[in-house]
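Inspection log for the structure reproduced underneath, given as structure tokens.
Below, read A as the first sequence line, B as the second, and so on, with proteins coming before strands; counting in each chain starts at 1.
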Amino acid sequence: LALGNTLVDMYAKCDMMSAAHEAFDRLPCQDIVSWNVLLAGYADQCHLKKILQEFKRMQSRGVSPDDVTYTTCLRACCNVEAVTEGQGMHSEIEKKGFFDIGFVSSMLVDMYAKFGLLMEAQYLFDKHPIHDLCLWNVLIAGYTEHEQSERAFECLKQMQSKGVSPDVTTLFYSLKACGSLGATDKGADLHMEITKKGLVEKDIVIGNTLIGMYVKCGLLAAAHKMFDILPFRDIGSWNALIAGYDELKDNEDVFLVFDRMLGEGMIPDAVTFILLLNACSRRGLLERASEYFEAMSKDYGIEPTAEHHNCLVDLLGRVGHLGKAMTNITELPCFSD
RNA sequence: UUCGUUUUCUAGAC
């Protein structure tokens, strides 16, 4: 049975849900793990209805949900912002006494935080007996992502005073909080701490986040210096720098950064083109935008998404071509947004 | 055998 469960899990993780379901049906009997891996597959695919349906079905077959089941269902609710369903799961969790389990509670707090229901998130955090690193992180992330970075800092302080030391995730959000508050000094402190721990060498993402932090603080020179001292650079590093030049320089230097990037053999991604198109939009450069838009799919095989079209429509509107903007909108494969 | 937090873009107007 363990082997069969692994098979279902493998299909589910490859997003092959029909194969997963088939493998599931072929099992001699379905235990709690079988159901859990099936549900996890649907959770990742954002099929909430399907999940709730299977969740009911497992119970009607006499299998009662465990802590893993609830964490999975919460993740599904979180993914599709299903507040009511999430609250329903929450009350079942409390009734069955699963709340104290670390995985369950951090998912629960994370869900409420992502919904922007931070009072509820904080309340649950406070009443939880054990504040592990992950529970702190979801709370800090919640405050940071909802314009309450001061509170994020308070949490960070409290966390450290309780002897829990920040990990990479904590530092990501702390840097983000510095950015949105323009807290340059705090940012520089964190930078030192990160350097001391040798994390810049270990994790490119943290270096990229530092670039972003300096940009948000309006310090382009510092951002550029950070970029220069990175041990190596990925597309995220370049994108962060391009974003910085876009935001902090009114001239066309941002395009020079892009050219330099190409010169160094880095391949742009979808985000790069959103940045470039936005940069053109702000500067009213219709010609250049059209060139980038064309090059994107032609030279790099990146299919334009709604975001890319948004940039173009915005630009067309800005330079007074509302008619063309309309044409662009109506020509979209789908105009759901 | 199954579960939790992880960077880079996300405007404009007021």
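The salt bridge (Lys or Arg N to Asp or Glu O under 4.0 Å) check on Glu287(A) picks up nothing, with sequence neighbours excluded. Every residue meeting the side chain to side chain donor-acceptor pair (under 3.5 Å) condition with Glu294(A), not counting sequence neighbours, appears here in chain and number order: Lys298(A). Partners of Tyr42(A) according to the side chain to side chain donor-acceptor pair (under 3.5 Å) rule, which considers only residues two or more places apart in sequence or in another chain, are His21(A). By the side chain to side chain donor-acceptor pair (under 3.5 Å) test, Glu145(A) pairs with Lys176(A), sequence neighbours left out. For the side chain to side chain contact (heavy atoms under 4.5 Å, CB included) test, residues two or more places apart in sequence or in another chain that qualify with Lys13(A) are Asp9(A).
The list of side chain to side chain donor-acceptor pair (under 3.5 Å) pairs with a residue in residues 271-283 of chain A, not counting sequence neighbours, reads Asn239(A)-Thr272(A), Asp246(A)-Arg283(A), Asp269(A)-Thr272(A), Ser281(A)-Asp314(A). The salt bridge (charged side-chain N to carboxylate O under 4.0 Å, His left out) pairs that include a residue from residues 65-74 of chain A number zero, where partners must be two or more places apart or lie in different chains. Identified under the side chain to side chain donor-acceptor pair (under 3.5 Å) test for residues 182-196 of chain A, with sequence neighbours left out: His191(A)-Tyr214(A). For residues 153-168 of chain A, the pairs satisfying side chain to side chain donor-acceptor pair (under 3.5 Å) are Asn137(A)-Asp167(A), Asp167(A)-Thr170(A), with sequence neighbours left out.
No donor-acceptor contact under 3.5 angstrom links the side chains of Glu22(A) and Tyr11(A), judged on distance only.
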B/S/- contact track for nucleotides 8-14 of chain B, protein heavy atom under 4.0 Å: BBBSS--
Could you go through nucleotides 1-5 of chain B and list every protein N or O atom that sits under 3.5 Å from one of its N or O atoms, giving the distance for each pair?
{"from": "U1(B)", "atom 1": "O2'", "to": "Thr6(A)", "atom 2": "OG1", "distance (Å)": "3.4"}
{"from": "U1(B)", "atom 1": "O2", "to": "Asn5(A)", "atom 2": "ND2", "distance (Å)": "2.9"}
{"from": "U2(B)", "atom 1": "O2", "to": "Asn36(A)", "atom 2": "ND2", "distance (Å)": "2.9"}
{"from": "C3(B)", "atom 1": "O2", "to": "Thr71(A)", "atom 2": "OG1", "distance (Å)": "3.1"}
{"from": "G4(B)", "atom 1": "N2", "to": "Gly102(A)", "atom 2": "O", "distance (Å)": "3.4"}
{"from": "G4(B)", "atom 1": "N2", "to": "Ser106(A)", "atom 2": "OG", "distance (Å)": "2.7"}
{"from": "G4(B)", "atom 1": "N2", "to": "Asp132(A)", "atom 2": "OD2", "distance (Å)": "3.4"}
{"from": "G4(B)", "atom 1": "N3", "to": "Ser106(A)", "atom 2": "OG", "distance (Å)": "2.4"}
{"from": "U5(B)", "atom 1": "O2", "to": "Asn137(A)", "atom 2": "ND2", "distance (Å)": "2.7"}

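Among the pairs that RNA chain B forms, none builds a region of at least three successive Watson-Crick or G-U pairs under 3.5 Å.
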